[in-house]
Protein chains: 2
Amino acid sequence: MSKKDPQALVKQAALQLFSEQGYFNTSVPDLVKASGVSTGSIYHHFGDKEGVARALFDSVVERMQVAIEEIQQKHLSVPEQCKAIIELLFVITENEPDLMRYMLHAKHAEFLSDVAPICSSSPFKKMRSIVSMGMKTKEVHEMDETVAAAAVFGGAIRLVQMRLDGVIEKNLLSYVDEVWFCAWRSVAI
Amino acid sequence: MSKKDPQALVKQAALQLFSEQGYFNTSVPDLVKASGVSTGSIYHHFGDKEGVARALFDSVVERMQVAIEEIQQKHLSVPEQCKAIIELLFVITENEPDLMRYMLHAKHAEFLSDVAPICSSSPFKKMRSIVSMGMKTKEVHEMDETVAAAAVFGGAIRLVQMRLDGVIEKNLLSYVDEVWFCAWRSVAI
DNA sequence: GTCTATAATGAGATAGAC
DNA sequence: GTCTATCTCATTATAGAC
C-alpha cells in the first residue's frame, strides 16, 4: 500500500535520481517516468520541483533523527553512544548510499534555498549534545563543544564522503574499530 | 595586466558566482555581466560552460597543491607539517571562502562529470602521504592510511564546512590549537 | 486527486561581422 | 580574438478534462 501512495513513490524516485545524477540534472519529466506519477499530480502535491526536494529532505532528516534517538535510549555511556553513531553512519552509507548522499549533499547542491545547513539540523545537534554530555561526566576533555564534536565524528564523516565518492573500495564497517579508536582518543581524558 | 586577461576575468567571476549561488544557478549571461567578457569570447576560450568550471577547478587545485608543497619543504617533522596544513585550511577559509567552498563542493555540485573526486586530487593525496610518512617514522600509529588521514584532517575539514555554511560564527584560527590537539592525539603513538 | 496536452520562459550554444 | 545578434530546445509550470 505504501507502493500506491503517490507522494511516497515520488520521494522514492527523487531520492534515487537526485542523489545519483543531481537535482539540476533531474527534470520533472524524469521524475514522472521513474515514479509513474503524472506531472499534474506531482505539482498538486509538492507545489514545485523544489517542494519535492524539500519534502524528501525532511523525511531523510526525520529518519536519521529517529535512529539517533534510539541509540540515545539504548546505550548509556557517552563513548558507547558515540561509537554506535559512527556505526550507524557507516551502516546507512553501506545499505542506503542514496539516502546518506542526499543528506550530506542536499545543502550544498545549490537548491533548498532557505533550509538550515545540515550541520545545524537535529541529528547533528544530537551528536554535539552527546559529546557535550561527555564533558559533564568528565569523560571528555573540556573544550569548545563544536570542536569536540568535529573531532569525534569528523573522521567518520570524512570516510563516509570518500566512500560515497568511490574513493574507498572496502566496506566501511571493516574500519569501525580503527575509526573509533582514533575518534575517542582525540577527545578522551 | 592580469586584470585584462579575459580568461582570468571569467574565472574570477565564475569563482564568486559558482560558489555563492551555485553552478546551475549561474547562467552564461551572468558570467558575461560579472566578468565584462562577451559570450563569444567565453565560448571561444572555454568551449562550453562546463569548460569554465573545469578550468577554474584546475586552477584552484593547483593553487592548493603549491601551498601544501611549500609546507612540505619548510616544516621538517610530520606533526609540524600536519599542523601547518590545518592552519592553511583555516587561513584559506577565512581569507578566500569562495575558493575553499568551490574546492570542497565542486565535485558534489553535480557537474564536472568525469573529474576525479576531490578527495583523490593531489592536495588530498599529499595529506595522506604525510600521515603515511608519520607511520614510517613511528610517530603515528600503524593503521590504514586513509583512516589515519581522515582522523587527522577530518575534524578540521568538518569545521571548515560548518564555517562555510555559516554554522560557526567565530574565526576558525581561534580554534587551531584545540583542533590540532585533538587531531594529533587521535593518531599519535 | 489524477491525468494529458500545452504554454512560456530562459537556458546553452552558434553565426558571422569586425 | 572579441563582439552582438540570434537560434534552438528543454525545462518548469499551468490549464482544464475526467
task = Select base, sugar-phosphate, or nothing to describe what A/S27 touches, counting heavy atoms under 4.0 Å on all strands.
result = sugar-phosphate
note = Looking only at heavy atoms, the pair that brings B/E145 and B/M135 closest together is CA-CE, 4.0 Å
inquiry  = Measure CG/B/N25 against P/D/dT11 and give the value in whole Å, please.
reply    = 16 Å
query = To the nearest Å, how far apart are A/L31 CG and D/dT12 C1'?
reply = 12 Å
query = Listed by chain and number, what are the side-chain hydrogen bond (donor to acceptor under 3.5 Å, both in side chains) partners of B/E62, not counting sequence neighbours?
reply = none
ask   = Starting at the 5' end of DNA chain D and moving along, which residue's nearest nucleotide shows up first, A/D30 or A/T39?
value = A/D30
note = For B/Q81 and B/I71, the nearest pair of non-hydrogen atoms, with its separation, is O-CG2, 3.9 Å
request  = Grab the CZ-C1' distance between B/F24 and D/dT12 for me, whole Å please.
outcome  = 16 Å
message = Using every non-hydrogen atom in the two residues, find where A/A148 and A/V187 come nearest and quote the distance to one decimal.
response = O-CG1, 3.9 Å
Do any side-chain atoms of residues 173-183 of chain A form donor-acceptor pairs under 3.5 angstrom with protein atoms, and if so which ones, sequence neighbours left out?
{"residue": "A/S174", "atom": "OG", "partner": "A/N171", "partner atom": "O", "Å": "2.7"}
{"residue": "A/D177", "atom": "OD1", "partner": "A/K83", "partner atom": "NZ", "Å": "3.3"}
{"residue": "A/E178", "atom": "OE2", "partner": "B/D144", "partner atom": "N", "Å": "3.3"}

Find every protein N or O atom lying less than 3.5 Å from an N or O atom of nucleotides 16-18 of chain C, and list the pairs.
none

key: A/K33 NZ to C/dC3 P, straight-line distance once rounded to whole Å   = 16 Å
query = Counting distance only, does the side-chain N/O of B/S35 pair as donor-acceptor with the main-chain N or O of B/L31 below 3.5 Å?
reply = yes
request  = For B/F111, check ring pair (Phe, Tyr, Trp, His ring centres under 6.0 Å) against everything at least two apart and list the hits.
outcome  = B/Y23
Members of residues 41-54 of chain B that approach DNA chain C, where some heavy atom sits under 4.0 Å away = B/Y43, B/D48, B/K49
query = Which pairs with one or both residues in residues 49-74 of chain A pass ring-ring contact (aromatic ring centres under 6.0 Å, His included), sequence neighbours excluded?
reply = none
